[in-house]
Protein chains: 2
Amino acid sequence: MALRHAVLAALLDGEYSGYQLAKAFDVGVANFWHALPQQLYAELTKLEKEGLVAGRQVVQETRPNKRLFRVTDAGRAELEKFAAAVPKPSFIRDELLVKVQVADRIGTAPVIEQLEERASAAEAKIELLGELLRRMRGDADEEEFLRRGERIGPYLTCLRGLAFEQEHRDWCLRIAAVLKERQSTHAER
Amino acid sequence: MALRHAVLAALLDGEYSGYQLAKAFDVGVANFWHALPQQLYAELTKLEKEGLVAGRQVVQETRPNKRLFRVTDAGRAELEKFAAAVPKPSFIRDELLVKVQVADRIGTAPVIEQLEERASAAEAKIELLGELLRRMRGDADEEEFLRRGERIGPYLTCLRGLAFEQEHRDWCLRIAAVLKERQSTHAER
DNA sequence: TATGACTAGTCATTTTCTTGAGTATAATGC
DNA sequence: GCATTATACTCAAGAAAATGACTAGTCATA
């Protein structure tokens, strides 16, 4: 019951099609959740049936028709109920961590490579998020924006995304360095 | 196909029962994955059927009998294959983030409370992980340990857990402060 | 002019995760 | 002495997520 709320949250800022949502939920512009297109289409259908969102058909000449969705009052009420409920704890769940856990017992080389790839992926996302944040706050500096900005929710979640990616990158680089160092000093078994 | 590898990884350090694994996977000592007891028991059964782990019955007088599992050669090979495969990207998936995303549009008060609760939960875990790390490295300082320590895998994943929790705590406190400040300056709608 | 990428979805299946309940004994705490 | 917690599991059901395949038109590019 969490994807539904993520969808409602994303839809709170305006009308979007399933396709548009899918992009946002995929690339990570939406730093607060992640889902595949199929999940989103399915969820939108369910939400519409329950009256939490309302869709309207938009006929397009040159592109396939699409359906734009917006949150209804019932949807907003549902979100409010959700916000008041106790949240489930969040966990890291990362395949790379599993690999690092055993890296010193099995082959280190591929893990080092993956750590470095991850680090540069994180770097790219850091750039992207930095740009996004700059655009969101406009001329104001951060403090100012956070005090007086109109819509700070997305900014705050992006901040978390940014901090997460920075931590992620730093850890990857550090661990890669540690494993490399050991690779050269210890004899490979 | 990731839980199986997490289980194999956890089992690599010795023989454990499903019950013991469940504790490790629950509390977060295992900072590289999370799972419920039922999943673990089921996974162990499957892994045994496939010959990736081997279990042996240990008869106990005073406690219920238990089954201890260890990784077989086939299991180790499977882990190696896994380590070499391209890893899936990791995502944050946190209900609290969804709430923060919409916090400025709906009720802020409960979200602030939840942020502060999260922060203190993170604080507690930080303590725990710090203690764990200290115990793992013994007398040596970190640099030293990472260069020459026997088994650094678990240490490295704990480091990530620690950094994650610190970032988590800092963000929660910062956002709670921002939302509070706005609550007092803006008129609540 | 074929190739692939982009828009805008749908359908079906499988895997994974979560929730809830139940069994049985033993040690510990009030 | 009675309640709680800890050990050690099992079974079933349901929700959520991931995987894969498919439709169908448009646009840019090589």
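Letters A, B, ... are given to chains in the order of the sequence lines, protein chains preceding strands, and every chain is numbered from 1.
- Contact annotation: Ser17(A) side-chain N/O to dG9(C) OP1/OP2 distance is under 4.0 Å.
- Aromatic ring pairs are classed by plane angle as parallel below 30°, tilted from 30° to 60° and perpendicular above 60°; the pair Phe32(B) and Phe25(B) is perpendicular.
- Proximity note for Lys88(A) (side chain, C-beta onward) versus dC9(D), dG9(C), dT19(C): the nearest is dT19(C).
- Comparing Ala2(B) and Tyr41(A), the nucleotide of DNA chain C nearest to each residue sits closer to the 5' end for Tyr41(A).
- Counting atom types as modelled, Gln60(A) pairs no side-chain N or O with a base atom of dG25(D) as donor and acceptor under 3.5 Å.
- Between Leu36(A) and Gly18(B), the one whose closest nucleotide on DNA chain D sits nearer the 5' end is Gly18(B).
- Among the atoms of the strands shown, only primed sugar atoms or phosphate atoms (P, OP1, OP2) are found under 4.0 Å from some heavy atom of Arg93(A).
- Using a 4.0 Å cut-off between charged side-chain N and carboxylate O, Arg169(B) and Glu165(B) make no salt bridge.
- In this model, the phosphate group of dC9(D) is not approached by any side-chain N or O of Tyr19(B) to a distance below 4.0 Å at OP1 or OP2.
- When the P atom of dT7(C) is taken as reference, atom CG of Leu21(A) falls 14 Å away, rounded to whole Å.
- In terms of heavy atoms, Leu96(A) sits closest to Asp94(A) at N-OD1, 2.9 Å.
- If you check dC27(D), dT7(C), dG9(C) against the side chain of Arg67(A), the one that comes closest is dG9(C).
- The distance from atom CZ of Arg63(A) to atom C1' of dG9(C) is 14 Å, rounded to the nearest whole Å.
- dT14(C) atom C1' lies 12 Å from atom CE of Met1(B), rounded to whole Å.
- Checked against dA8(C), dC9(D), dT16(C), the side chain of Lys66(B) finds its nearest nucleotide in dC9(D).
- In this structure, the nucleotide among dT26(D), dA17(D), dC6(C) sitting nearest to the side chain of Gln39(A) is dA17(D).
- Checked against dA24(C), dA17(D), dT16(C), the side chain of Pro64(B) finds its nearest nucleotide in dA24(C).
- Atoms CD (Glu43(B)) and P (dT10(D)) sit 14 Å apart, rounded to a whole Å.
- Residue Trp33(B) places its side chain closer to dC17(C) than to any other of dT7(C), dA26(C), dC17(C).
- Here Arg174(A) pairs with Glu143(B) in a salt bridge; the nearest charged N to carboxylate O distance falls below 4.0 Å.
- The shortest distance between the side-chain N/O atoms of Thr62(B) and the OP1/OP2 oxygens of dT25(C) is not below 4.0 Å.
- Rounded to an integer number of Å, the gap from Asn65(B) CG to dA6(D) P is 21 Å.
- The separation between Arg4(A) atom CZ and dA15(D) atom P is 11 Å, rounded to whole Å.
- For the pair Arg76(A) and Glu80(A), the salt-bridge criterion is not met [side-chain N within less than 4.0 Å of a carboxylate O].
- For Lys23(A) and dT7(C), the shortest distance from a side-chain N or O to OP1 or OP2 is below 4.0 Å.
- What separates CZ of Phe25(B) from P of dC17(C) is a distance of 11 Å, to the nearest Å.
- In this structure, Tyr16(A) atom OH and dT7(C) atom P are separated by 15 Å, rounded to whole Å.
- Distances from the side chain of Gln38(B) to the nucleotides dT19(C), dT10(C), dC9(D) place dT19(C) closest.
- For Lys180(A) and Glu113(A), the salt-bridge test fails: no basic side-chain N is under 4.0 Å from an acidic carboxylate O.
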